[in-house]
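Naming: A, B, ... by sequence-line order, numbering from 1 per chain.
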Number of protein chains: 2
Amino acid sequence: MKAEKIPEATIIRLSVYSRNLQYMEEMGITKVSSQEIADATDGSSAQVRKDLAYFGEFGTRGVGYEVKHLNRHLKKILGLTKPRSVVIVGAGRLGKALMLYNGFGNRGFRVMGIFDKDMSKVGEQVGDLTISPMYKLDQFIKTHNIQMGVVTVPAAAAQETVDIMTRAGVKAILNFAPKNLIVADDVKLRNVDLAVNLEVLSFYMGLEEREGEK
Amino acid sequence: MKAEKIPEATIIRLSVYSRNLQYMEEMGITKVSSQEIADATDGSSAQVRKDLAYFGEFGTRGVGYEVKHLNRHLKKILGLTKPRSVVIVGAGRLGKALMLYNGFGNRGFRVMGIFDKDMSKVGEQVGDLTISPMYKLDQFIKTHNIQMGVVTVPAAAAQETVDIMTRAGVKAILNFAPKNLIVADDVKLRNVDLAVNLEVLSFYMGLEEREGEK
DNA sequence: TACTCACCGTGAATTATATCACAAGGATCC
DNA sequence: GGATCCTTGTGATATAATTCACGGTGAGTA
(Lines give C-alpha, C1' and ligand atoms only; values in the text may rest on other atoms or scores of the structure.)
Protein backbone atom coordinates (compact mmCIF):
# COMPACT_ATOMS: atom_id res chain seq x y z
CA MET A 1 0.00 0.00 0.00
CA LYS A 2 1.28 3.43 -0.92
CA ALA A 3 1.65 6.05 1.80
CA GLU A 4 -0.01 8.84 -0.17
CA LYS A 5 -3.25 10.44 0.93
CA ILE A 6 -6.36 8.75 -0.32
CA PRO A 7 -9.38 10.81 -1.39
CA GLU A 8 -12.49 10.27 0.67
CA ALA A 9 -14.41 9.90 -2.58
CA THR A 10 -12.28 6.85 -3.27
CA ILE A 11 -13.22 5.30 0.07
CA ILE A 12 -16.89 5.88 -0.60
CA ARG A 13 -16.56 4.21 -3.98
CA LEU A 14 -14.68 1.26 -2.52
CA SER A 15 -17.59 0.69 -0.19
CA VAL A 16 -19.99 0.77 -3.11
CA TYR A 17 -17.78 -1.58 -5.11
CA SER A 18 -17.73 -3.96 -2.20
CA ARG A 19 -21.49 -3.95 -1.90
CA ASN A 20 -21.83 -4.74 -5.59
CA LEU A 21 -19.21 -7.45 -5.44
CA GLN A 22 -21.22 -8.92 -2.58
CA TYR A 23 -24.28 -9.08 -4.81
CA MET A 24 -22.19 -10.64 -7.58
CA GLU A 25 -20.79 -13.20 -5.20
CA GLU A 26 -24.30 -14.14 -4.09
CA MET A 27 -25.29 -14.50 -7.73
CA GLY A 28 -22.39 -16.88 -8.31
CA ILE A 29 -20.34 -14.59 -10.55
CA THR A 30 -16.66 -15.44 -10.12
CA LYS A 31 -14.81 -12.95 -12.27
CA VAL A 32 -15.36 -9.34 -13.23
CA SER A 33 -13.57 -6.61 -15.19
CA SER A 34 -13.05 -3.00 -14.10
CA GLN A 35 -15.51 -2.07 -16.83
CA GLU A 36 -18.20 -4.31 -15.37
CA ILE A 37 -17.66 -2.88 -11.90
CA ALA A 38 -17.90 0.59 -13.40
CA ASP A 39 -21.16 -0.27 -15.16
CA ALA A 40 -22.66 -1.52 -11.91
CA THR A 41 -21.67 1.57 -9.96
CA ASP A 42 -22.06 4.45 -12.44
CA GLY A 43 -18.37 5.11 -12.80
CA SER A 44 -15.56 4.70 -15.30
CA SER A 45 -13.28 1.72 -15.56
CA ALA A 46 -10.23 3.96 -15.18
CA GLN A 47 -11.68 5.29 -11.96
CA VAL A 48 -12.18 1.80 -10.61
CA ARG A 49 -8.61 0.85 -11.40
CA LYS A 50 -7.21 4.09 -9.94
CA ASP A 51 -9.18 3.58 -6.76
CA LEU A 52 -7.90 0.06 -6.34
CA ALA A 53 -4.35 1.10 -7.23
CA TYR A 54 -4.08 3.05 -3.97
CA PHE A 55 -4.10 -0.25 -2.14
CA GLY A 56 -2.24 -2.67 -4.37
CA GLU A 57 -2.73 -4.87 -7.39
CA PHE A 58 -5.71 -7.15 -7.21
CA GLY A 59 -6.37 -8.12 -10.81
CA THR A 60 -4.89 -10.20 -13.55
CA ARG A 61 -4.02 -8.44 -16.79
CA GLY A 62 -6.02 -9.69 -19.68
CA VAL A 63 -8.51 -11.36 -17.36
CA GLY A 64 -9.94 -9.07 -14.71
CA TYR A 65 -10.60 -9.57 -11.01
CA GLU A 66 -11.65 -12.60 -9.05
CA VAL A 67 -14.86 -11.44 -7.36
CA LYS A 68 -14.43 -13.18 -4.01
CA HIS A 69 -10.77 -12.32 -3.73
CA LEU A 70 -11.30 -8.64 -4.53
CA ASN A 71 -14.24 -8.33 -2.17
CA ARG A 72 -12.26 -9.92 0.63
CA HIS A 73 -9.53 -7.33 0.11
CA LEU A 74 -11.98 -4.44 -0.03
CA LYS A 75 -13.59 -5.52 3.22
CA LYS A 76 -10.17 -5.75 4.79
CA ILE A 77 -9.30 -2.25 3.59
CA LEU A 78 -12.60 -0.91 4.93
CA GLY A 79 -11.95 -2.54 8.29
CA LEU A 80 -14.96 -4.82 8.04
CA THR A 81 -13.14 -8.00 8.95
CA LYS A 82 -12.95 -7.15 12.62
CA PRO A 83 -16.39 -6.67 14.21
CA ARG A 84 -17.25 -3.03 14.86
CA SER A 85 -19.29 -2.21 17.95
CA VAL A 86 -21.78 0.62 17.72
CA VAL A 87 -24.09 2.49 20.07
CA ILE A 88 -27.02 4.60 19.00
CA VAL A 89 -27.89 7.64 21.09
CA GLY A 90 -31.35 9.05 20.61
CA ALA A 91 -34.16 6.50 20.61
CA GLY A 92 -36.53 8.53 18.51
CA ARG A 93 -38.01 7.08 15.37
CA LEU A 94 -34.83 7.52 13.38
CA GLY A 95 -32.68 5.93 16.09
CA LYS A 96 -34.97 2.95 16.34
CA ALA A 97 -35.13 2.60 12.57
CA LEU A 98 -31.33 2.53 12.36
CA MET A 99 -31.14 0.11 15.27
CA LEU A 100 -33.29 -2.34 13.34
CA TYR A 101 -31.70 -1.68 9.94
CA ASN A 102 -30.34 -4.88 8.46
CA GLY A 103 -27.83 -3.07 6.32
CA PHE A 104 -25.53 -2.54 9.29
CA GLY A 105 -25.55 -6.07 10.66
CA ASN A 106 -24.77 -7.79 7.43
CA ARG A 107 -21.77 -5.51 6.82
CA GLY A 108 -20.15 -6.36 10.14
CA PHE A 109 -21.50 -3.62 12.40
CA ARG A 110 -22.96 -4.71 15.71
CA VAL A 111 -25.37 -2.34 17.41
CA MET A 112 -24.69 -3.08 21.07
CA GLY A 113 -26.86 -0.49 22.80
CA ILE A 114 -29.41 2.27 22.35
CA PHE A 115 -29.71 5.21 24.73
CA ASP A 116 -32.05 8.09 25.41
CA LYS A 117 -32.29 10.97 27.82
CA ASP A 118 -36.06 10.67 28.03
CA MET A 119 -36.78 8.40 31.02
CA SER A 120 -40.21 7.55 29.67
CA LYS A 121 -38.51 5.72 26.80
CA VAL A 122 -36.03 3.89 29.03
CA GLY A 123 -36.88 0.22 29.42
CA GLU A 124 -38.70 0.04 26.10
CA GLN A 125 -37.75 -2.95 23.95
CA VAL A 126 -36.35 -2.30 20.43
CA GLY A 127 -35.57 -5.50 18.59
CA ASP A 128 -33.48 -7.49 21.01
CA LEU A 129 -32.19 -4.47 22.93
CA THR A 130 -33.68 -2.35 25.69
CA ILE A 131 -33.43 1.44 25.67
CA SER A 132 -31.00 2.57 28.38
CA PRO A 133 -30.77 5.91 30.17
CA MET A 134 -28.11 8.41 29.14
CA TYR A 135 -26.25 8.29 32.43
CA LYS A 136 -25.25 4.72 31.67
CA LEU A 137 -23.73 5.63 28.30
CA ASP A 138 -20.22 6.46 29.50
CA GLN A 139 -19.81 3.24 31.47
CA PHE A 140 -21.35 1.15 28.70
CA ILE A 141 -18.90 2.47 26.11
CA LYS A 142 -15.98 1.74 28.37
CA THR A 143 -17.00 -1.76 29.49
CA HIS A 144 -18.06 -2.93 26.03
CA ASN A 145 -15.20 -1.18 24.28
CA ILE A 146 -17.51 0.58 21.84
CA GLN A 147 -15.73 2.20 18.90
CA MET A 148 -18.50 3.91 16.98
CA GLY A 149 -21.45 6.08 17.86
CA VAL A 150 -24.55 7.07 15.93
CA VAL A 151 -26.16 10.33 16.99
CA THR A 152 -29.90 10.71 16.40
CA VAL A 153 -30.72 13.20 19.15
CA PRO A 154 -32.15 16.69 18.45
CA ALA A 155 -29.67 19.34 17.27
CA ALA A 156 -29.64 21.07 20.63
CA ALA A 157 -28.45 17.91 22.44
CA ALA A 158 -25.97 16.74 19.83
CA GLN A 159 -22.81 18.43 21.07
CA GLU A 160 -23.16 17.22 24.65
CA THR A 161 -23.88 13.73 23.31
CA VAL A 162 -20.70 13.55 21.26
CA ASP A 163 -18.74 14.99 24.18
CA ILE A 164 -19.84 12.11 26.38
CA MET A 165 -19.13 9.61 23.63
CA THR A 166 -15.66 10.84 22.82
CA ARG A 167 -14.65 11.25 26.46
CA ALA A 168 -15.64 7.62 26.97
CA GLY A 169 -13.45 6.53 24.06
CA VAL A 170 -15.56 6.41 20.92
CA LYS A 171 -13.36 6.98 17.87
CA ALA A 172 -15.89 7.52 15.09
CA ILE A 173 -19.27 9.22 15.01
CA LEU A 174 -22.07 9.23 12.48
CA ASN A 175 -24.17 12.31 13.15
CA PHE A 176 -27.74 12.77 11.92
CA ALA A 177 -28.42 15.95 13.88
CA PRO A 178 -28.50 19.11 11.73
CA LYS A 179 -25.70 20.74 13.68
CA ASN A 180 -22.00 21.32 13.06
CA LEU A 181 -20.25 19.43 15.80
CA ILE A 182 -16.78 19.85 17.23
CA VAL A 183 -14.69 16.79 18.03
CA ALA A 184 -11.05 16.13 18.84
CA ASP A 185 -8.68 15.55 15.94
CA ASP A 186 -8.39 11.83 16.56
CA VAL A 187 -12.15 11.32 16.34
CA LYS A 188 -13.63 10.86 12.89
CA LEU A 189 -16.98 12.51 12.32
CA ARG A 190 -19.41 12.17 9.44
CA ASN A 191 -22.63 14.05 9.03
CA VAL A 192 -25.69 12.73 7.29
CA ASP A 193 -27.94 15.65 6.74
CA LEU A 194 -31.34 14.63 5.51
CA ALA A 195 -32.69 18.11 4.85
CA VAL A 196 -29.51 19.15 3.04
CA ASN A 197 -29.97 16.25 0.66
CA LEU A 198 -33.48 17.36 -0.21
CA GLU A 199 -32.30 20.94 -0.59
CA VAL A 200 -29.61 19.96 -3.06
CA LEU A 201 -32.27 18.18 -5.09
CA SER A 202 -34.50 21.23 -4.80
CA PHE A 203 -31.71 23.42 -6.15
CA TYR A 204 -31.26 21.29 -9.25
CA MET A 205 -35.01 21.18 -9.78
CA GLY A 206 -34.98 24.95 -9.70
CA LEU A 207 -32.33 25.02 -12.43
CA GLU A 208 -34.51 22.81 -14.64
CA GLU A 209 -37.55 24.99 -13.99
CA ARG A 210 -35.62 28.10 -15.03
CA GLU A 211 -34.45 26.29 -18.17
CA GLY A 212 -38.08 25.54 -18.96
CA GLU A 213 -38.96 29.23 -18.79
CA LYS A 214 -36.77 30.14 -21.74
CA MET B 1 -26.03 34.97 -11.66
CA LYS B 2 -23.16 33.68 -13.71
CA ALA B 3 -23.79 30.91 -16.18
CA GLU B 4 -20.79 28.83 -15.18
CA LYS B 5 -21.14 25.39 -13.67
CA ILE B 6 -21.53 25.34 -9.91
CA PRO B 7 -19.89 22.58 -7.88
CA GLU B 8 -22.25 20.35 -5.98
CA ALA B 9 -20.07 20.87 -2.92
CA THR B 10 -21.00 24.53 -3.11
CA ILE B 11 -24.71 23.73 -3.11
CA ILE B 12 -24.31 21.48 -0.09
CA ARG B 13 -22.49 24.25 1.74
CA LEU B 14 -25.12 26.83 0.80
CA SER B 15 -27.71 24.61 2.42
CA VAL B 16 -25.60 24.39 5.57
CA TYR B 17 -25.04 28.15 5.57
CA SER B 18 -28.77 28.68 5.28
CA ARG B 19 -29.49 26.39 8.20
CA ASN B 20 -27.01 28.28 10.36
CA LEU B 21 -28.35 31.64 9.25
CA GLN B 22 -31.75 30.36 10.28
CA TYR B 23 -30.44 29.64 13.78
CA MET B 24 -28.82 33.09 13.89
CA GLU B 25 -32.04 34.71 12.78
CA GLU B 26 -33.92 32.92 15.54
CA MET B 27 -31.32 34.12 18.02
CA GLY B 28 -31.83 37.68 16.88
CA ILE B 29 -28.45 38.15 15.22
CA THR B 30 -28.80 40.66 12.41
CA LYS B 31 -25.41 40.86 10.77
CA VAL B 32 -22.64 38.37 10.14
CA SER B 33 -19.27 38.26 8.40
CA SER B 34 -18.02 35.55 6.07
CA GLN B 35 -15.57 34.63 8.82
CA GLU B 36 -18.39 34.08 11.30
CA ILE B 37 -20.31 31.93 8.83
CA ALA B 38 -17.12 29.96 8.24
CA ASP B 39 -16.63 29.42 11.96
CA ALA B 40 -20.17 28.12 12.34
CA THR B 41 -19.83 25.68 9.47
CA ASP B 42 -16.22 24.43 9.65
CA GLY B 43 -15.10 26.23 6.54
CA SER B 44 -12.94 29.15 5.49
CA SER B 45 -14.15 32.68 4.95
CA ALA B 46 -12.77 32.69 1.41
CA GLN B 47 -14.77 29.58 0.69
CA VAL B 48 -17.94 31.20 1.95
CA ARG B 49 -17.39 34.25 -0.23
CA LYS B 50 -16.53 32.14 -3.29
CA ASP B 51 -19.65 30.06 -2.81
CA LEU B 52 -21.84 33.14 -2.61
CA ALA B 53 -20.07 34.78 -5.54
CA TYR B 54 -21.53 32.21 -7.93
CA PHE B 55 -24.92 33.80 -7.35
CA GLY B 56 -24.27 37.49 -6.92
CA GLU B 57 -23.16 40.04 -4.38
CA PHE B 58 -24.97 39.88 -1.08
CA GLY B 59 -22.68 41.66 1.33
CA THR B 60 -21.47 45.13 2.12
CA ARG B 61 -17.72 45.70 2.06
CA GLY B 62 -16.35 46.60 5.43
CA VAL B 63 -19.53 45.40 7.14
CA GLY B 64 -20.56 41.88 6.22
CA TYR B 65 -23.92 40.36 5.46
CA GLU B 66 -27.39 41.11 6.74
CA VAL B 67 -28.51 37.75 8.15
CA LYS B 68 -32.15 37.85 7.11
CA HIS B 69 -31.40 39.21 3.67
CA LEU B 70 -28.71 36.64 2.94
CA ASN B 71 -30.82 33.76 4.21
CA ARG B 72 -33.74 34.87 2.07
CA HIS B 73 -31.49 34.79 -0.97
CA LEU B 74 -30.04 31.41 -0.11
CA LYS B 75 -33.49 29.92 0.28
CA LYS B 76 -34.46 31.38 -3.05
CA ILE B 77 -31.38 29.89 -4.68
CA LEU B 78 -32.12 26.50 -3.11
CA GLY B 79 -35.68 26.65 -4.37
CA LEU B 80 -37.19 26.66 -0.90
CA THR B 81 -39.49 29.61 -1.47
CA LYS B 82 -41.96 27.60 -3.48
CA PRO B 83 -43.41 24.64 -1.53
CA ARG B 84 -41.99 21.29 -2.58
CA SER B 85 -44.30 18.29 -2.51
CA VAL B 86 -42.82 14.94 -1.55
CA VAL B 87 -43.98 11.34 -1.42
CA ILE B 88 -42.28 8.61 0.56
CA VAL B 89 -42.39 5.09 -0.84
CA GLY B 90 -41.64 2.32 1.58
CA ALA B 91 -43.44 2.55 4.91
CA GLY B 92 -40.89 0.60 6.89
CA ARG B 93 -39.35 2.06 9.98
CA LEU B 94 -37.08 4.39 8.04
CA GLY B 95 -39.89 5.61 5.81
CA LYS B 96 -42.09 6.36 8.80
CA ALA B 97 -39.24 8.05 10.63
CA LEU B 98 -38.63 10.35 7.66
CA MET B 99 -42.34 11.00 7.28
CA LEU B 100 -42.42 12.31 10.84
CA TYR B 101 -39.08 14.13 10.66
CA ASN B 102 -39.52 17.80 11.48
CA GLY B 103 -36.41 18.81 9.59
CA PHE B 104 -38.24 18.52 6.27
CA GLY B 105 -41.36 20.47 7.15
CA ASN B 106 -39.62 23.49 8.56
CA ARG B 107 -37.46 23.78 5.44
CA GLY B 108 -40.42 23.94 3.11
CA PHE B 109 -40.87 20.32 2.14
CA ARG B 110 -44.36 18.89 2.41
CA VAL B 111 -44.72 15.15 2.70
CA MET B 112 -48.02 14.56 0.94
CA GLY B 113 -48.24 10.78 0.94
CA ILE B 114 -46.66 7.54 2.07
CA PHE B 115 -46.95 4.31 0.12
CA ASP B 116 -46.18 0.64 0.57
CA LYS B 117 -46.56 -2.56 -1.41
CA ASP B 118 -47.39 -4.56 1.69
CA MET B 119 -51.18 -4.57 1.97
CA SER B 120 -51.01 -5.34 5.67
CA LYS B 121 -49.50 -1.89 6.22
CA VAL B 122 -52.03 -0.10 4.04
CA GLY B 123 -54.53 1.91 6.07
CA GLU B 124 -52.16 2.34 8.99
CA GLN B 125 -51.98 5.88 10.31
CA VAL B 126 -48.59 7.66 10.37
CA GLY B 127 -48.78 11.15 11.83
CA ASP B 128 -51.62 12.75 9.92
CA LEU B 129 -51.29 10.55 6.84
CA THR B 130 -52.53 7.07 6.04
CA ILE B 131 -50.35 4.50 4.29
CA SER B 132 -51.59 3.97 0.74
CA PRO B 133 -51.15 0.98 -1.55
CA MET B 134 -48.53 1.12 -4.31
CA TYR B 135 -51.04 0.89 -7.14
CA LYS B 136 -52.31 4.33 -6.18
CA LEU B 137 -48.87 5.94 -6.39
CA ASP B 138 -48.90 6.84 -10.07
CA GLN B 139 -52.27 8.56 -9.91
CA PHE B 140 -51.40 10.33 -6.67
CA ILE B 141 -48.23 11.83 -8.12
CA LYS B 142 -50.13 13.08 -11.14
CA THR B 143 -53.12 14.56 -9.34
CA HIS B 144 -51.12 16.21 -6.57
CA ASN B 145 -48.35 17.29 -8.90
CA ILE B 146 -45.65 15.72 -6.71
CA GLN B 147 -42.11 16.77 -7.61
CA MET B 148 -39.93 14.76 -5.27
CA GLY B 149 -39.80 11.18 -4.10
CA VAL B 150 -38.06 9.50 -1.19
CA VAL B 151 -37.29 5.81 -1.66
CA THR B 152 -37.09 3.65 1.46
CA VAL B 153 -38.02 0.30 -0.02
CA PRO B 154 -35.66 -2.73 0.01
CA ALA B 155 -32.88 -2.72 -2.59
CA ALA B 156 -34.64 -5.33 -4.72
CA ALA B 157 -37.72 -3.14 -5.16
CA ALA B 158 -35.95 0.20 -5.60
CA GLN B 159 -35.59 0.26 -9.38
CA GLU B 160 -39.23 -0.53 -10.08
CA THR B 161 -40.23 2.10 -7.52
CA VAL B 162 -38.25 4.88 -9.19
CA ASP B 163 -39.55 3.75 -12.58
CA ILE B 164 -43.11 4.29 -11.41
CA MET B 165 -42.19 7.63 -9.83
CA THR B 166 -40.40 9.03 -12.82
CA ARG B 167 -43.00 7.81 -15.30
CA ALA B 168 -45.60 9.66 -13.24
CA GLY B 169 -43.57 12.86 -13.35
CA VAL B 170 -41.33 13.03 -10.29
CA LYS B 171 -38.25 15.13 -11.06
CA ALA B 172 -35.99 14.43 -8.08
CA ILE B 173 -35.41 11.32 -5.99
CA LEU B 174 -33.70 10.75 -2.67
CA ASN B 175 -32.79 7.10 -2.48
CA PHE B 176 -32.00 5.25 0.73
CA ALA B 177 -31.89 1.77 -0.83
CA PRO B 178 -28.38 0.36 -1.16
CA LYS B 179 -28.68 0.00 -4.90
CA ASN B 180 -27.35 1.93 -7.90
CA LEU B 181 -30.42 3.14 -9.69
CA ILE B 182 -30.90 4.22 -13.27
CA VAL B 183 -33.01 7.28 -14.04
CA ALA B 184 -33.58 9.50 -17.09
CA ASP B 185 -31.23 12.45 -17.57
CA ASP B 186 -33.80 15.02 -16.55
CA VAL B 187 -34.39 13.35 -13.18
CA LYS B 188 -32.02 14.25 -10.37
CA LEU B 189 -31.06 11.39 -8.08
CA ARG B 190 -29.22 11.44 -4.78
CA ASN B 191 -28.26 8.42 -2.75
CA VAL B 192 -27.99 8.33 1.01
CA ASP B 193 -26.20 5.17 1.88
CA LEU B 194 -26.23 4.49 5.58
CA ALA B 195 -23.90 1.48 5.53
CA VAL B 196 -21.43 3.28 3.27
CA ASN B 197 -21.19 6.07 5.82
CA LEU B 198 -20.31 3.64 8.58
CA GLU B 199 -17.82 1.90 6.31
CA VAL B 200 -16.02 5.14 5.56
CA LEU B 201 -15.71 5.73 9.31
CA SER B 202 -14.52 2.18 9.74
CA PHE B 203 -11.82 2.75 7.13
CA TYR B 204 -10.44 5.79 8.94
CA MET B 205 -10.57 3.95 12.25
CA GLY B 206 -8.50 1.23 10.62
CA LEU B 207 -5.90 3.80 9.58
CA GLU B 208 -5.62 5.05 13.17
CA GLU B 209 -5.31 1.49 14.46
CA ARG B 210 -2.46 0.81 12.05
CA GLU B 211 -0.77 4.04 13.18
CA GLY B 212 -1.05 2.81 16.75
CA GLU B 213 0.78 -0.39 15.90
CA LYS B 214 3.96 1.44 14.98
C1' DT C 1 7.41 -21.58 -27.97
C1' DA C 2 5.71 -17.92 -30.41
C1' DC C 3 1.68 -15.25 -31.30
C1' DT C 4 -2.50 -12.87 -30.12
C1' DC C 5 -5.76 -11.02 -27.18
C1' DA C 6 -7.70 -8.80 -23.33
C1' DC C 7 -7.48 -5.93 -19.58
C1' DC C 8 -4.87 -4.18 -15.84
C1' DG C 9 -1.71 -0.61 -13.85
C1' DT C 10 0.00 3.93 -14.17
C1' DG C 11 2.43 8.30 -15.65
C1' DA C 12 0.87 12.34 -18.08
C1' DA C 13 -2.64 15.60 -19.22
C1' DT C 14 -6.75 17.65 -18.05
C1' DT C 15 -10.27 19.34 -15.38
C1' DA C 16 -12.22 20.70 -11.08
C1' DT C 17 -11.95 22.73 -6.59
C1' DA C 18 -10.03 25.40 -2.88
C1' DT C 19 -6.84 28.85 -1.09
C1' DC C 20 -4.41 33.09 -1.22
C1' DA C 21 -3.85 37.78 -1.30
C1' DC C 22 -5.14 42.16 -2.51
C1' DA C 23 -7.73 45.85 -4.81
C1' DA C 24 -12.31 47.94 -4.41
C1' DG C 25 -15.60 50.25 -1.99
C1' DG C 26 -18.99 51.32 1.63
C1' DA C 27 -19.31 53.01 6.57
C1' DT C 28 -17.65 55.80 10.27
C1' DC C 29 -15.25 59.43 12.53
C1' DC C 30 -13.22 63.62 13.02
C1' DG D 1 -15.17 66.09 2.99
C1' DG D 2 -11.11 63.60 3.53
C1' DA D 3 -8.79 59.91 5.98
C1' DT D 4 -9.17 55.48 8.02
C1' DC D 5 -11.00 51.07 8.80
C1' DC D 6 -12.96 46.86 7.70
C1' DT D 7 -14.68 43.16 5.03
C1' DT D 8 -16.21 41.94 0.65
C1' DG D 9 -15.47 40.22 -4.16
C1' DT D 10 -12.27 38.23 -7.25
C1' DG D 11 -8.20 37.26 -10.27
C1' DA D 12 -4.15 34.54 -9.70
C1' DT D 13 -2.19 30.56 -7.69
C1' DA D 14 -1.98 26.12 -5.71
C1' DT D 15 -3.86 21.74 -4.80
C1' DA D 16 -6.68 17.80 -5.69
C1' DA D 17 -9.27 14.56 -8.40
C1' DT D 18 -10.43 12.55 -12.68
C1' DT D 19 -9.72 11.09 -17.29
C1' DC D 20 -6.77 9.69 -20.96
C1' DA D 21 -3.92 6.68 -23.31
C1' DC D 22 -0.75 3.31 -23.69
C1' DG D 23 2.89 0.08 -22.09
C1' DG D 24 3.18 -4.22 -19.60
C1' DT D 25 1.86 -8.75 -18.69
C1' DG D 26 -0.58 -12.98 -17.88
C1' DA D 27 -3.71 -16.35 -20.27
C1' DG D 28 -5.13 -18.93 -24.07
C1' DT D 29 -4.13 -21.07 -28.62
C1' DA D 30 -1.96 -23.64 -32.08
Rounding to a whole Å, what distance do you find between [X]:[atom1] and [N]:[atom2]?
X	N	atom1	atom2	result
A:Ile37	C:dG9	CD1	P	10 Å
A:Tyr65	C:dC7	OH	C1'	8 Å
B:Leu70	D:dT7	CG	C1'	14 Å
B:Glu57	C:dA24	CD	P	14 Å
A:Phe58	C:dC8	CZ	C1'	13 Å
A:Gln35	C:dC5	CD	C1'	17 Å
B:Leu52	D:dT7	CG	P	16 Å

Taking everything shown except B:Lys142 itself, do over 12 heavy atoms lie less than 6.0 Å from its NZ?
-> yes
Check: [X]/[Y] side-chain N/O donor and acceptor closer than 3.5 Å:
X	Y	result
B:Ser18	B:Arg107	yes
B:Ser85	B:Arg110	no
B:Asp51	B:Thr10	yes

Could you tell me which non-hydrogen atom of B:Tyr54 sits nearest to which non-hydrogen atom of B:Pro7, and how far apart they are?
-> OH-CD, 3.4 Å
Correct closest heavy-atom pair for A:Val89 and A:Met165 would be CG2-CE, 3.3 Å
Side chain of A:Asn145, backbone of A:Ile141: donor and acceptor closer than 3.5 Å?
->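 Not a single qualifying donor-acceptor pair exists.
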Sugar-phosphate or base contact per nucleotide [nucleotides 24-30 of chain D; S, B, -; heavy atom under 4.0 Å] = BBBS---
Taking protein heavy atoms under 4.0 Å as touching, what does nucleotides 16-21 of chain D look like 5' to 3' if B marks base contact, S marks sugar-phosphate-only contact and - marks none?
-> -SSBBB
On the 0 to 90° scale, with breaks at 30° and 60°, tag the B:Phe58-B:His73 ring pair as parallel, tilted or perpendicular.
->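 Because their plane-to-plane angle lies in the 30° to 60° range, the rings of B:Phe58 and B:His73 count as tilted.
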For the residue pair B:His144 and B:Phe140, categorise the inter-ring angle as parallel (less than 30°), tilted (30 to 60°) or perpendicular (more than 60°).
-> parallel
So, is A:Ser33 near the phosphate of C:dC7, with a side-chain N or O under 4.0 Å from OP1 or OP2?
-> no
